[in-house]
Amino acid sequence: MLALADCNNFYASCERLFRPDLEGQAILVLSNNDGCVIARSNEAKALGIAMGTPFFKLAPALRRQVVVFSSNYALYGDLSRRVMQVLAGFAPRIEVDSIDECFLDLEGSADPTAECLGIVRILRQWTGIPVSIGIASTKTLAKLANRLAKQGRSPDGPVLDWSRLTDPESHLAATPVEDLWGISQRWGQRLRALGIAEALALREADPKWLRQHLGVVVERLVWELRGQSCLALEEMAPPRRQVRVSRSFGAAVTQWVELRAALTRFATRAGEKLRAQGLAAPALTVFIQTDPFDTSRPFYSNAHTSAFDQPTSDSAVLIHHATQGAKRLWRRGDAYRKAGVLLPDLVPARLGPGDFFADPAEAERGARRMAVLDDINRRFGRDSLRFGGEFVGTTWHRRARLTSSVSTTRWEALPVVRAR
DNA sequence: TCTGGGGTCCTAGGACCC
DNA sequence: TCTGGGGTCCTAGGACCC
């Protein structure tokens with residue numbers, strides 16, 4: 001038996017946690033640069049606001065009915081960590097699936113529903129985050145059960161055990177294929193073209209025939225719907241295969257030094273991610289693009305990849321290659337809206353191939369510099385020590401006018417209480 | 001004025017090996 | 001007249017997830 005615990009409207013719930021006055025209020029959380037809607041409270045969903053809507057396209061009348069937040073990932077990440085920590089105490093094995101979702105192994109549980117209801121209650125009490133849980137024998141069914149629970153279609157409130165449904169077929173018949181995990185609009189269309197529109201029809205279809213037409217992913221889905229597990233619980237996350245840091249700019253960047261500053265920042269962040277996971281990159285791709293929505297000028301997007309003599313996680317090396325690569329892509333007169341760095345084909349730092357001709361002492365010095373840098377930033381706060389190149393300009397900085405002042409990760413953000 | 005960020009997996013085809 | 005068989009590796013593109 002598996003359970004999928006999924007936080008309800010996670011980012012919106014995180015913001016509401018520190019604003020209890022917003023209980024019952026429609027809440028939106030926006031993407032970087034306050035661009036798109038990426039989280040909605042139930043009340044906001046009821047207003048018909050779709051996921052991914054560009055905020056500026058929202059009708060003013062609607063905007064007046066919602067409380068809006070810029071995204072605050074430091075807060076969401078920290079609360080996610082707390083939720084997962086609590087969940088880990090309730091199951092012998094868990095798989096963290098995303099920032100707000102987690103699979104739990106319920107093996108040996110005498111009464112899964114009662115147990116999960118207890119988890120929901122305790123999570124609410126200890127972290128303040130509302131959660132729904134779906135229980136089933138496969139990941140796909142657990143996802144579906146979770147979805148039904150969120151829709152209020154479980155007799156047990158926030159928890160739904162698929163195996164206790166008296167008529168699971170009726171639920172499958174009422175589930176469009178696009179609502180299944182792994183089936184999005186595109187695949188949905190192709191399934192419909194084959195005469196399969198609901199989950200029930202998919203479950204009854206011939207797996208081999210589907211494999212021929214749509215591939216192994218859809219075949220697995222059929223078996224999963226039938227209760228035959230094809231997607232195992234993966235307790236140990238496999239090492240990352242790539243790292244990517246990219247941002248849209250707060251405003252168009254037209255100065256080379258500002259683009260360089262942004263890339264310095266991105267490469268630094270990428271290096272931090274590598275070192276945090278003990279990985280090294282054998283190459284770096286840098287890309288820059290103009291505004292794809294600006295129809296008055298031609299869109300320009302280009303990328304450059306440089307391979308290193310040996311894999312590295314040294315921010316200084318990454319910065320060098322990112323800026324050198326971008327210099328070849330840069331065209332004077334363009335207004336850049338977005339850029340990023342991509343590190344592919346990651347290898348464990350200690351196992352990467354070496355360079356026969358390189359001076360081993362030089363790589364060692366670099367590694368020690370990074371260790372000192374990371375240590376200082378750990379002790380005195382993130383970004384206490386930075387590379388000079390990023391202190392140029394501000395147009396590339398993100399726009400975030402609506403960030404809540406709440407933080408659970410910075411001492412100086414603690415609320416001050418005065419007694420008189 | 002204004003449109004996110006960061007991942008994974010699968011498949012087909014080409015190039016190469018013996 | 002007649003032209004093998006069985007692999008691996010890499011890449012690009014397409015699709016999905018939250």
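Chain A is the first sequence line, chain B the second, and so forth, proteins listed ahead of strands; every chain is numbered from 1.
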Ring geometry between A:Trp330 and A:Tyr336 (parallel below 30°, tilted from 30 to 60°, perpendicular above 60°): tilted

With a 4.0 Å cut-off on N to O distance, would you call [X] and [Y] a salt bridge?
| X | Y | answer |
| --- | --- | --- |
| A:Lys143 | A:Glu224 | no |
| A:Lys208 | A:Asp206 | no |
| A:Arg164 | A:Asp156 | yes |

Short side-chain N/O contact to [N] OP1/OP2 from [X], under 4.0 Å:
| X | N | result |
| --- | --- | --- |
| A:Ser248 | B:dG5 | yes |
| A:Asn33 | B:dG4 | no |
| A:Arg269 | B:dG5 | no |
| A:Lys338 | B:dT3 | no |

[X] [atom1] - [N] [atom2] separation (whole Å):
| X | N | atom1 | atom2 | value |
| --- | --- | --- | --- | --- |
| A:Phe103 | C:dC17 | CZ | C1' | 11 Å |
| A:Leu274 | B:dG6 | CG | C1' | 14 Å |
| A:Arg211 | B:dT11 | CZ | C1' | 11 Å |
| A:Glu224 | B:dC9 | CD | P | 15 Å |
| A:Tyr76 | B:dG5 | OH | P | 15 Å |
| A:Asp345 | C:dA12 | CG | P | 11 Å |
| A:Leu221 | B:dC9 | CG | C1' | 14 Å |
| A:Lys273 | B:dG6 | NZ | P | 5 Å |

Proximal nucleotide (of [options]) relative to the [X] side chain:
| X | options | result |
| --- | --- | --- |
| A:Asp100 | C:dC18, B:dC9, B:dG5 | C:dC18 |
| A:Arg247 | B:dT11, B:dG5, C:dC17 | B:dG5 |
| A:Trp187 | C:dA15, B:dG7, B:dC9 | C:dA15 |
| A:Ser246 | B:dG5, B:dC2, B:dG4 | B:dG5 |
| A:Arg241 | B:dG4, B:dT8, B:dG6 | B:dT8 |
| A:Val217 | B:dG4, B:dT3, B:dC10 | B:dC10 |
| A:Lys57 | B:dT8, B:dT3, C:dC18 | B:dT3 |
| A:Arg244 | B:dG7, C:dC17, C:dA15 | B:dG7 |
| A:Arg240 | B:dG6, B:dG7, B:dG5 | B:dG7 |
| A:Arg186 | C:dC16, B:dG7, B:dG5 | C:dC16 |

Students often get this wrong, so: under 4.0 angstrom with heavy atoms, is [X] touching a base, only sugar-phosphate, or nothing?
| X | answer |
| --- | --- |
| A:Gln242 | base |
| A:Arg337 | sugar-phosphate |
| A:Arg190 | nothing |
| A:Leu30 | nothing |

Aromatic ring of A:Phe56 stacked on base six-ring of B:dT1, 5.5 Å, 30°: no

For A:Trp396 against A:Ala261, the heavy-atom pair lying closest together: NE1-CB, 3.8 Å

Under 3.5 Å side-chain donor-acceptor pair for A:Asn146 and A:Ser132: no

Rounded P spacing from C:dC18 to B:dT3 in Å: 25 Å

Residue whose nearest DNA chain B nucleotide is more 5′ - A:Arg220 or A:Arg63: A:Arg63

Nearest-nucleotide comparison on DNA chain B, the residue closer to the 5′ end among A:Pro239 and A:Tyr73: A:Tyr73

Axial cation check for A:Phe69 ring with A:Arg16, 6.0 Å and 45° limits: no

